[in-house]
Protein chains: 2
Amino acid sequence: MTTARRHATLEDVARAAGVSRSTASRVLAESGFASPIARERVRDAADRLGYVPNAAARALVRGAGVRLLVAVAGTSPGVLDDSYLDQVVSTTAQVCAPYGLGVTVAWVPLDQPGQLARLADDRAVAGLVLVNTTEALLDVVPRRLHGRTASIGIGSTAVPSVDIDNGGGTSAIVRHLYAAGRRRIAMVTGPAWLACSRRSVEAYRGLLREAGLPVREVAGDFSAARGRSAAREVLHRWPDTDAIVGISDATALGVIDQLRADGVRVPADVAVTGFDDIPLASVTALTTASHPVRRIAAAAATMVLEQRPAPPTTMFPSSLVLRESA
Amino acid sequence: MTTARRHATLEDVARAAGVSRSTASRVLAESGFASPIARERVRDAADRLGYVPNAAARALVRGAGVRLLVAVAGTSPGVLDDSYLDQVVSTTAQVCAPYGLGVTVAWVPLDQPGQLARLADDRAVAGLVLVNTTEALLDVVPRRLHGRTASIGIGSTAVPSVDIDNGGGTSAIVRHLYAAGRRRIAMVTGPAWLACSRRSVEAYRGLLREAGLPVREVAGDFSAARGRSAAREVLHRWPDTDAIVGISDATALGVIDQLRADGVRVPADVAVTGFDDIPLASVTALTTASHPVRRIAAAAATMVLEQRPAPPTTMFPSSLVLRESA
DNA sequence: TTGTAAGCGTTATCAT
DNA sequence: ATGATAACGCTTACAA
């Protein structure tokens, strides 16, 4: 171990190996020709000197970028304060580490998708992962980043996506409710601008219509607070409701809380279901659908890092988790 | 909106503003002199052209690095799969974004602190945030990164830290238990290598000894699983135990779960407390101590980004949250 | 106050 | 197969 040596550069390695910088570069980057002898000597010198390529220099000359941007659409910067997003960012950072890439998060105002262009127009941005993706967002992905972008949610011809089968998941939930004898099934929906939310709603509607049951929708926003007020709204408008489908676990938990506070028994009087299977769900015995968030995020990140032609959409299954609330 | 324009460089801005590159640089970097007229023209040109500085180029010339490394000590890579860490990483990424820095996470094996040197010896690393910090880890922070490192947990003369008052938090909990009439208070501890865990244990011991009460410790590891087995162990060794202090909320939840399964009433027979106040805690009515994880992480990140002489240790308070479990 | 010019560490295009 | 040499976009003495 040398002590206070300055950081070794490619030049140092080349000199130590008795070759030119170009040769050293070729060997170390595994591109272009080099004699076996040169190879060996360069490799040798490199790890003797503890050579670590300078990411900034590399990125500069290649125009490649040094970090991956996780862009999240939402109505307020508050979307960044969310445990789901935490998982996505953290997982992305773990996947990026071996590639020498860092991760950044940013909020893109829902009504100004163009902001994405500003953020992504930075040459330092090597790739893009879209979260809460909207069609408008997909449209403003800079051309430079085509092939280096993946979406968690909906995709487009230019942007491959990793998605959850929200429709299938919701269908499974509704079917379970039906099988359990529920016939007055209401739903607390999510923001209409979110495709994943729309798909859940559509699955719900489709199934109920097919079964000749009444559709009872109340607008929600994923939050527990809205779940509480929505519970009251539902029972006020349709007192005979016997099941409430929540668009998220938080919403469902809010619903249950309010219901019980109002003396309504869950699931005896009203069954309640959630969506996502957050840790809280198992403790509160919430019946819900489970989704592998970490694997999904890792898949998205890997897509942009490996950038091999990916299938337009990779669907991850939604699996029903039966517990006590329904 | 121009369409397929090439990305604007500093040169472009300078030309558009009718000044030299250096002047433009000075204005945009807010360093050095520039006439008001020049300032205005450069600023103008910059945002007319949508100029975004190239982080790689900047990092290269400054030798500054392009990402912040969050290094986590632990016995296995499993430490990376943790919601607390998720929050730290995500918050760090949010704080770093405006600085044009990305974030990376890495695991440092507890028994090979030297691994940190390998990771941090990369010039691309602009700063370091240590998590689950040990003394050994503090010792191997490369000199280059002194002044650019912050620790969440213990610190050293070279590394400022952001810490939680674990001792105070635990004391408050134990005092509450005592005030509530509990006299046979056991504790499920955490890994001894973690300073924060040791401090909690010491606070617990100190208070009990002072009060002339018996010390009853069982080794734990923060997990809920260990909480379960520990609950049995405690009641087996000391059947008259009337309170169990958990080193973490997960542990406490495990304890409660096992206790109830074994027909022990909580808190009637045995009071149980946690530590951290995770979202689950409020739902399960767990009495615990609350800590502002996001603010702590933000403080640590800000320290390395701003690198103004920070106080050696910034303590964040631990605040008692009384609920039903104790 | 402003401009000129010399790098920062790599990669890539050429001749050789 | 190898080595000059010219970028990449920016900062910063230093000169004017």
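Order of the sequence lines sets the chain letters (A, B, ...), proteins ahead of strands, with each chain counted from 1. Since we're looking at a predicted model, the values are computed, not measured.
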Margin query: Under 4.0 Å, counting only non-hydrogen atoms across every strand here, what does B:Ala38 touch: a base, just sugar-phosphate, or nothing?
Written below: sugar-phosphate
Next item on the list: Only counting residues at least two apart or in another chain, list the ones meeting salt bridge (charged side-chain N to carboxylate O under 4.0 Å, His left out) with B:Arg43.
Entry: B:Glu30
Note to self: If the condition is side chain to side chain contact (heavy atoms under 4.5 Å, CB included), which residues does A:Val72 pass it with, not counting sequence neighbours?
What the structure shows: A:Val70, A:Val79, A:Leu80, A:Leu85, A:Val105, A:Val131, A:Asn132
Checklist line | With sequence neighbours excluded, residues passing side chain to side chain contact (heavy atoms under 4.5 Å, CB included) with A:Glu11 | finding: A:Thr9, A:Arg15, A:Arg21
Checklist line | First encountered from the 5' end of DNA chain C, between A:Ala29 and B:Ala34 | finding: B:Ala34
Identify each atom pair where a protein N or O and an N or O of nucleotides 12-16 of chain C are less than 3.5 Å apart, giving names and distance.
none

Name every donor-acceptor pair, under 3.5 Å, that has one atom in a side chain of residues 55-64 of chain B and the other anywhere in the protein, sequence neighbours excluded.
none

Note to self: Angle between the end axes of the helix from C:dT1-D:dA16 to C:dT16-D:dA1, five pairs per end, to the nearest 10 degrees?
What the structure shows: 40°
Next item on the list: Not counting sequence neighbours, which residues clear salt bridge (charged side-chain N to carboxylate O under 4.0 Å, His left out) with B:Asp111? List them please.
Entry: none
Margin query: Tell me every residue that passes side chain to side chain contact (heavy atoms under 4.5 Å, CB included) with A:Ala17, counting only those two or more places apart in sequence or in another chain.
Written below: A:Val19, A:Arg41, A:Val42, A:Ala45
Item checked: Given D:dC10, C:dT10, C:dT2, the nucleotide with the shortest approach to the side chain of A:Leu10 -> C:dT10
Margin query: If the condition is side chain to side chain contact (heavy atoms under 4.5 Å, CB included), which residues does B:Thr104 pass it with, not counting sequence neighbours?
Written below: A:Ala97, B:Arg67, B:Leu69
